[in-house]
Every structure is written in structure tokens, then in C-alpha cells.
Asker: 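Please read through the structure below; I'll follow up with questions.
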2 protein chains.
Amino acid sequence: MTADFEAQLRAVSLRVTRPRLAVLAALRDHPHVDTDTVIRLVRADHPTVSHQAIYDVLRALTDAGLVRRIQPTGAVARYESRVGDNHHHVVCRSCGVIADVDCAVGSAPCLTASDDHGFVLDEAEVVYWGACPDCTTARTTSDPQGRKEAH
Amino acid sequence: MTADFEAQLRAVSLRVTRPRLAVLAALRDHPHVDTDTVIRLVRADHPTVSHQAIYDVLRALTDAGLVRRIQPTGAVARYESRVGDNHHHVVCRSCGVIADVDCAVGSAPCLTASDDHGFVLDEAEVVYWGACPDCTTARTTSDPQGRKEAH
DNA sequence: TCACTCTTCTGGAATGAATCAAGTTTTCAG
DNA sequence: CTGAAAACTTGATTCATTCCAGAAGAGTGA
């Protein structure tokens, strides 16, 4: 199983180290976790890994394209290892859980902004906000904000 | 001109104070600024306003729906006063400038995720990533990352 | 297999955005 | 005009993230 990760690292000419393999394994088993959780997960197997190493590894893997960094407004950075398959995220406003969502519309219309202001676009990122099933049933009576804003 | 802001505040039953009027004026004149810039802008007219007041005001206005908080991955929080008109943003990867973009597709398809996992969605937020005109011309030779990922 | 070199990791300190807390001032309803 | 709640000031604190210097480890060529 770690052989896959080793191959991934070598494919982007990154050195194969214990912390890097551990981070990749942690992200495979726990998608959408924040840095602190990654540190805890990695230390479960390798107690001596420094927090700085995790930050370095996450940055290196992100730069190499092996993991993706996501950061919904008002939350700390989270990482996931599912990359390159054009998917988006649903975020629960009350508990913060994140779930994957495949693109709603067909091929790649999201790259077509109505007016790109001369920007050269290379990616369109979509975040759906709402309430997860648990939080929805937990407060059936009131909707404190009651906002309803489409795209 | 401040009369408008006063009316806006009263409409959401917030008390009318100098710091709040100043923040609203600053955001009207400078969209997409971060908290620190808001502080500087406000202090240009009202030097005694504390940074804590700005944070409180921005939170109050955001909760009330008068301003919107945006936070592209890897950047500090920014605020804008244009709300309720369903628009998105283009962010330059190299210099960080933000521009407004009206929704690409028709009415409100973005609220329709392919699989909502039981979430009750209330908003879809889109961030377009790319290079602004200035940064595009500045580095015509190389594209260091070369990533190309559609939605 | 054995160094040699460059990358990566460790440990600790520092930065900076954002929040918390206590006390004072201001707004606004009555 | 007066009182109570909301908002603001000052100052300290938290927390995620980054910086730094030295030690350890990975990979290359002999």
C-alpha cells in the first residue's frame, strides 16, 4: 500500500521519506482534515515527527499536485488527496463537515466566466454551503439565518 | 452619502455609530480589502478607532448581511459591500487581486449539485483562479505551474 | 557498498491574524 | 432627560503558520 505512495512521490521527483508516506496515508484514510489532525494521525504511527515536518510535507505535496489544499471561508486549511478529477465540496455551516461533490453541470462550463476582466483562468472552484443531514434534523424548528443565495 | 449607510444599519436594527459608518464607506470605495486595510482606511478619517472595533463591526455587518466576507485559499479574510446580487470572484494567483464576475450560467443552476449527500444547500460560491492582465504580461515566457483544472 | 551532497526533518522561537476580557463610553427607547 | 443595553477602548492572549539553525536522512556517483 505504501508502494503506491512511493511511486507517486517519485513521479514528481520528491524524495521518499517516512513523514511523507505517513501524510499520504493519513489523507487517504481521512479526507478533508486540517493540519492539526494530520499531525495527530501521523504521530499515531510515528510519534517523533515534528509539526514543522507536517507543514513542510503538506506544502511540498500541494506544490507537487499530489494533495489539494482547501480553505472554506472562516475555517483553517484542510487537505485532501483526491486530485485531478474535477470535484467540488459541500460545507456544513454549523458543524463544518465537508463532503465531495462531482461537478453539477456538464463538461467544463464553469471556466467560462461572464466577463473575465482580461484574466487568464485556469481553474474554477465551487463551494456549496448548507446544512448537513445531522445538523438539519438537529434544528428542525428554526433557521437562524434564513439566507438563500444562489450562485 | 452617510445617510444611506445610516438607513442600511437601521434596516437591520444595528445602532448607528461612527466606526460602522466609516467601515461601510471604506468598503464602498475599496471593494475586496482585507481587515488591515479597512483599519487603515477608517483611521484616515477617524484616527482613534481601535482595531478591535473594526473586527467587531465587520463581524456585525457580516452577520447582518450588509457586507460579505470572502477568503480565497491561502489569503487573509477580505470584505466587500456588494451583497445580494449573486456574483462571484476572479482571483489572481500571483498578485492576489480580486475582481467581480457575474454568474456565468443562466438563472441558478449552481445550487444543483450532482449529489448533495443529503445536505440542504443555500448558497453556491464560485472562485475563478487565474492570472490578471498585469501578471500575464509580466511573465510571458514561463508558466511555472502550468496547471489546468476545470471545475 | 561507501562516501558526498543536497534535501528534509527536528526543536525552538517568532510572526501575525483574530479573539478574549474588563472597564468605559455611546446610542437610543421610554 | 435618564437608564439599560450595545458598542468601543485598551491590553493581553490564543492559535495557525512560518522562520531559523543545526542534525539527520535520501539519493547519486564511484
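To find a chain, count down the sequence lines: A is the first, B the second, and so on, and within it residues start at 1. What you see is a predicted model, and the numbers here were worked out from it, not measured in a lab. Hydrogens, waters and symmetry mates play no part in the numbers below; they use all other heavy atoms, side chains included.
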Asker: Using modelled atom types only, decide if a donor and an acceptor are shared between the side chain of B:Gln71 and the backbone of A:Gly74 within a distance under 3.5 Å.
Answerer: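 Such a contact is found between B:Gln71 side chain and A:Gly74 backbone.
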Asker: Can you measure A:Leu24 atom CG to C:dT8 atom P for me and round it to whole angstrom units?
Answerer: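 Computing the A:Leu24:CG to C:dT8:P distance gives 14 Å.
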Asker: Using only heavy-atom distances, determine whether the side chains of A:His89 and A:Glu125 contain a donor-acceptor pair under 3.5 Å.
Answerer: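 Note: A:His89 and A:Glu125 side chains miss the donor-acceptor criterion.
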Asker: Could you state the atom-to-atom distance from CZ of A:Arg59 to P of C:dT7 in whole Å?
Answerer: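 Interatomic distance, CZ of A:Arg59 to P of C:dT7: 16 Å.
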Asker: Rounded to whole angstrom units, what separation is found between the CD atom of B:Gln52 and the P atom of D:dT10?
Answerer: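 The distance from CD of B:Gln52 to P of D:dT10 comes to 12 Å, rounded to the nearest Å.
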Asker: What is the distance from CZ of A:Arg20 to C1' of C:dT8, rounded to the nearest Å?
Answerer: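 In whole Å, C:dT8 C1' lies 6 Å from A:Arg20 CZ.
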Asker: Are A:Asp100 and A:His87 close enough that a side-chain donor and a side-chain acceptor fall under 3.5 Å?
Answerer: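 Yes, a side-chain donor-acceptor pair sits under 3.5 Å.
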Asker: Let me know which of A:Val49, A:Leu66, A:Ile39, A:Ile54 forms a side chain to side chain contact (heavy atoms under 4.5 Å, CB included) with A:Val23.
Answerer: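 Per the side chain to side chain contact (heavy atoms under 4.5 Å, CB included) rule, the option paired with A:Val23 is A:Ile54, out of A:Val49, A:Leu66, A:Ile39, A:Ile54.
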Asker: Treating A:Arg20 as the side-chain partner and A:Arg15 as the backbone partner, does any N or O pair qualify as donor plus acceptor under 3.5 Å?
Answerer: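 Yes: the side chain of A:Arg20 pairs with the backbone of A:Arg15.
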Asker: If you take any heavy atom closer than 4.0 Å to DNA chain D, which residues from residues 29-50 of chain B end up in contact?
Answerer: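 Correct list: B:Thr48, B:Val49, B:Ser50.
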Asker: Please classify the nucleic acid contact of A:Ala60 as base, sugar-phosphate, or nothing, using heavy-atom distances under 4.0 Å.
Answerer: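 Here A:Ala60 touches no strand at all.
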Asker: Calculate the interatomic distance between B:Asp56 atom CG and C:dT25 atom P; express it in whole Å.
Answerer: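 Nearest whole value for this atom pair: 18 Å.
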Asker: Nearest whole Å is fine: how far is C:dA17 P from B:Leu58 CG?
Answerer: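 So the CG-P distance, B:Leu58 to C:dA17, works out to 14 Å.
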Asker: Quick check: on DNA chain C, is the nucleotide nearest A:His51 upstream (toward 5') of the one nearest B:Ala77, or the reverse? Name the residue that is more 5'.
Answerer: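 Nearer the 5' end of the strand: A:His51.
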Asker: For B:Asp45 and B:Arg18, what are the C-alpha separation, side-chain angles and deciding distance, and is it a salt bridge (Lys or Arg N to Asp or Glu O under 4.0 Å)?
Answerer: CA-CA 10 Å; B:Asp45 286 331; B:Arg18 231 166 296 275; over 6 Å; no
Asker: Would you say A:Gln52 and A:Asp56 are linked by a side-chain donor-acceptor pair, where the criterion is simply a distance under 3.5 Å?
Answerer: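 Yes, a side-chain donor-acceptor pair sits under 3.5 Å.
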Asker: Rounded to the nearest angstrom, tell me the gap between atom OH in A:Tyr55 and atom P in C:dT7.
Answerer: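 Computing the A:Tyr55:OH to C:dT7:P distance gives 24 Å.
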Asker: Using a strict 4.0 Å threshold on nitrogen-to-oxygen distance, state whether B:Asp122 and A:Arg93 make a salt bridge.
Answerer: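 Here B:Asp122 pairs with A:Arg93 in a salt bridge, since their nearest N and O are under 4.0 Å apart.
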Asker: Please write out each protein N/O paired with an N/O of nucleotides 24-26 of chain D under 3.5 Å, distance rounded to 0.1 Å.
Answerer:
from: D:dG25; atom 1: N2; to: A:Arg15; atom 2: NH1; distance (Å): 3.0
from: D:dA26; atom 1: N3; to: A:Arg15; atom 2: NH1; distance (Å): 3.3

Asker: Only one of B:Asp36, B:Val42, B:Leu41 passes side chain to side chain contact (heavy atoms under 4.5 Å, CB included) with B:Val38; say which it is.
Answerer: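 With B:Val38 as partner, side chain to side chain contact (heavy atoms under 4.5 Å, CB included) holds for just one option, B:Val42.
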Asker: For A:Tyr79 and D:dT17, give me the distance from atom OH to atom C1', rounded to whole Å.
Answerer: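 So the two atoms are 9 Å apart, to the nearest Å.
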